[in-house]
Amino acid sequence: MRETTAVRGKVQLRPVRPAGWWFDALLLAALVGMTVALANERLFGIDRAVADWSQAHRPTAAHWTAVILNYLGQGTPLTLIALGLGVLLAVRLRSVRPVLPPVLAFALTFLTIGPLKVWTARPAPSASVKPPFLPAERTLPLFQDDLPLRFAQSYPSGHVANSIVWYGVIALLLAPLLRTYGRTMPPRLVAVVRVVPPFLVLCTTTYLGWHWLTDSVAGLLLGFLLDRLLHRVPWDDLPLPGMLRDWNRPFISAP
């Protein structure tokens with residue numbers, strides 16, 4: 001008798017919306033274009049106008065409300081929450097696959113956000129009113145490599161980019177995790193988890209003067225780009241080592 005062997009089908013990328021790579025190219029082009037414009041001292045007027053308006057309309061109650069809401073974009077807690085959800089789902093399904101999204105998300109954010117901040121070397125708006133107490137006009141340009149690193153890491157906004165990536169991963173894990181408890185996650189709730197926290201972080205980080213408006217927009221563009229890359233990954237179909245064959249169950253399509 002002829003021995004038959006199982007043949008794994010071709011691994012296909014998961015769909016994203018809008019479909020196609022054209023939107024990814026548009027996000028990347030917008031990020032590059034904004035960076036080039038800032039390097040040539042463009043867009044400084046709108047950055048200064050937004051920062052000055054925010055400073056003039058920041059009563060104590062609004063300030064502290066914004067500070068509290070801005071904690072929604074803290075990268076380290078979001079990383080730990082996403083990893084915790086992944087580990088919990090992995091244990092419940094006896095599958096290593098749920099741990100892969102937070103691991104890859106950490107790698108992508110670590111290799112993109114931080115290096116871009118160091119390379120562009122831009123101070124925050126608040127650098128004129130607290131250390132290093134720069135002249136107001138000197139807080140706007142990029143590539144100020146003569147400043148200590150801790151004073152020139154404003155572009156792009158890590159809070160905004162991290163919030164888009166990590167809430168996307170959390171939403172990806174929450175739905176299958178709830179299914180293991182016999183519950184469902186409504187699509188509208190998924191949208192709320194993915195959209196509302198990043199929106200609040202973008203608004204508060206700009207309003208507080210911790211980032212220029214263009215810093216926040218750049219974080220938005222980068223975050224969306226990384227989010228689309230992560231959601232394209234066919235997590236249930238990725239080939240895994242044979243030693244993990246007993247921990248190889250799908251989690252996105254799991255009942």
Could you tell me whether a side-chain N or O of [X] sits under 3.5 Å from a main-chain N or O of [Y], the two making a donor and an acceptor?
| X | Y | value |
| --- | --- | --- |
| Thr109 | Phe106 | yes |
| Thr120 | Tyr155 | yes |
| Ser128 | Ala136 | no |

*In the hydrophobic cluster built from side-chain contacts under 4.5 Å, what are the other members alongside Val129?*
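Via sub-4.5 Å side-chain contacts, Val129 links to none.
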Spacing of [atom1] belonging to [X] relative to [atom2] belonging to [Y], to within rounding of 0.5 Å:
| X | Y | atom1 | atom2 | result |
| --- | --- | --- | --- | --- |
| Leu104 | Trp235 | CG | CH2 | 4.5 Å |
| Asp215 | Trp210 | CG | CH2 | 14.0 Å |
| Leu28 | Phe224 | CG | CZ | 15.5 Å |
| His231 | Leu226 | NE2 | CG | 12.0 Å |
| Arg249 | Leu93 | CZ | CG | 5.5 Å |
| Asn40 | Thr35 | CG | OG1 | 11.0 Å |

Hey, does [Y] have a side-chain heavy atom less than 4.5 Å from the side chain of [X]?
| X | Y | answer |
| --- | --- | --- |
| Leu89 | Pro176 | yes |
| Pro123 | Leu134 | yes |
| Val201 | Leu69 | no |
| Phe151 | Phe133 | no |
| Leu213 | Ile46 | yes |
| Pro198 | Val160 | no |
| Leu13 | Trp21 | yes |
| Pro101 | Phe251 | yes |

_Does Leu78 form a side-chain contact (heavy atoms from CB on, under 4.5 Å) with Leu72? I'd like the steps, not just the answer._
CA-CA 8 Å; Leu78 289 175; Leu72 292 169; over 6 Å; no
*Stepwise side-chain contact (heavy atoms from CB on, under 4.5 Å) test for Asn162 and Ile113*: CA-CA 8 Å; Asn162 273 316; Ile113 299 173; 3.7 Å; yes
Testing the basics here: between [X] and [Y], what is the closest heavy-atom pair and its distance to 0.1 Å?
| X | Y | answer |
| --- | --- | --- |
| Val233 | Leu229 | CG2-O, 3.5 Å |
| Ala105 | Val165 | CB-CG1, 3.9 Å |
| Leu140 | Arg122 | O-NE, 2.7 Å |
| Ala51 | Pro125 | CB-CB, 4.4 Å |
| Thr65 | Ala61 | OG1-O, 2.8 Å |
| Leu173 | Pro102 | CD1-CD, 4.2 Å |

*asked:* For His211 and His159, take the angle between the two ring planes, folded into 0 to 90°, and tell me which bin it lands in: parallel under 30, tilted 30 to 60, perpendicular over 60.
replied: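 His211 and His159: tilted rings.
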Honestly curious: do [X] and [Y] fall in one hydrophobic cluster under the side-chain, below-4.5 Å linking rule?
| X | Y | result |
| --- | --- | --- |
| Trp166 | Leu83 | no |
| Leu222 | Trp22 | yes |
| Leu177 | Val192 | yes |
| Leu172 | Leu238 | yes |
| Ile170 | Val196 | yes |

If only side-chain N and O atoms count, and only distance matters, is there a donor-acceptor pair under 3.5 Å linking [Y] with [X]?
| X | Y | result |
| --- | --- | --- |
| Ser163 | Arg194 | no |
| Ser216 | Ser157 | no |
| Thr214 | Arg42 | no |
| Gln144 | Arg138 | yes |

*asked:* Can you confirm whether Phe143 is buried at CZ, in the sense that more than 12 heavy atoms of other residues, nucleotides or ligands lie under 6.0 Å from that atom?
replied: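 More than 12 heavy atoms, drawn from other residues, nucleotides or ligands, come within 6.0 Å of this atom.
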_Does Trp119 have more than 12 heavy atoms from other residues, nucleotides or ligands lying within 6.0 Å of its CH2?_
no
*Identify which one of Leu31, Val32, Leu38 satisfies the side chain to side chain contact (heavy atoms under 4.5 Å, CB included) criterion when paired with Met34.*
Leu38
_Before you tell me yes or no, could you show the steps for Ile164 and Val195 under side-chain contact (heavy atoms from CB on, under 4.5 Å), namely the whole-Å CA-CA distance, both residues' side-chain angles and the distance that decides it to 0.1 Å?_
CA-CA 8 Å; Ile164 293 172; Val195 173; over 6 Å; no
*What do you reckon, are the aromatic ring centroids of Trp212 and Phe44 less than 6.0 Å apart?*
no
*Can you run down the ring pair (Phe, Tyr, Trp, His ring centres under 6.0 Å) pairs that involve residues 49-82, sequence neighbours left out, and say none if there aren't any?*
Trp53-His57
*Yes or no on salt bridge (Lys or Arg N to Asp or Glu O under 4.0 Å) for Asp237 and Arg97, after CA distance, side-chain angles and deciding distance?*
CA-CA 9 Å; Asp237 299 320; Arg97 293 184 183 277; over 6 Å; no
*Determine, stepwise, if the pair Tyr167 / Ile81 fulfils side-chain contact (heavy atoms from CB on, under 4.5 Å).*
CA-CA 10 Å; Tyr167 282 105; Ile81 290 171; over 6 Å; no
*Checking side-chain hydrogen bond (donor to acceptor under 3.5 Å, both in side chains) for the pair Thr180/Arg92: CA distance, chi angles, key distance, verdict?*
CA-CA 7 Å; Thr180 67; Arg92 291 189 62 82; 2.9 Å; yes
*Answer yes or no for Arg228 and Phe23: cation-pi contact, defined as NZ/CZ to six-membered ring centre under 6.0 Å and angle to ring axis within 45°.*
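Checked: cation-pi criterion not met.
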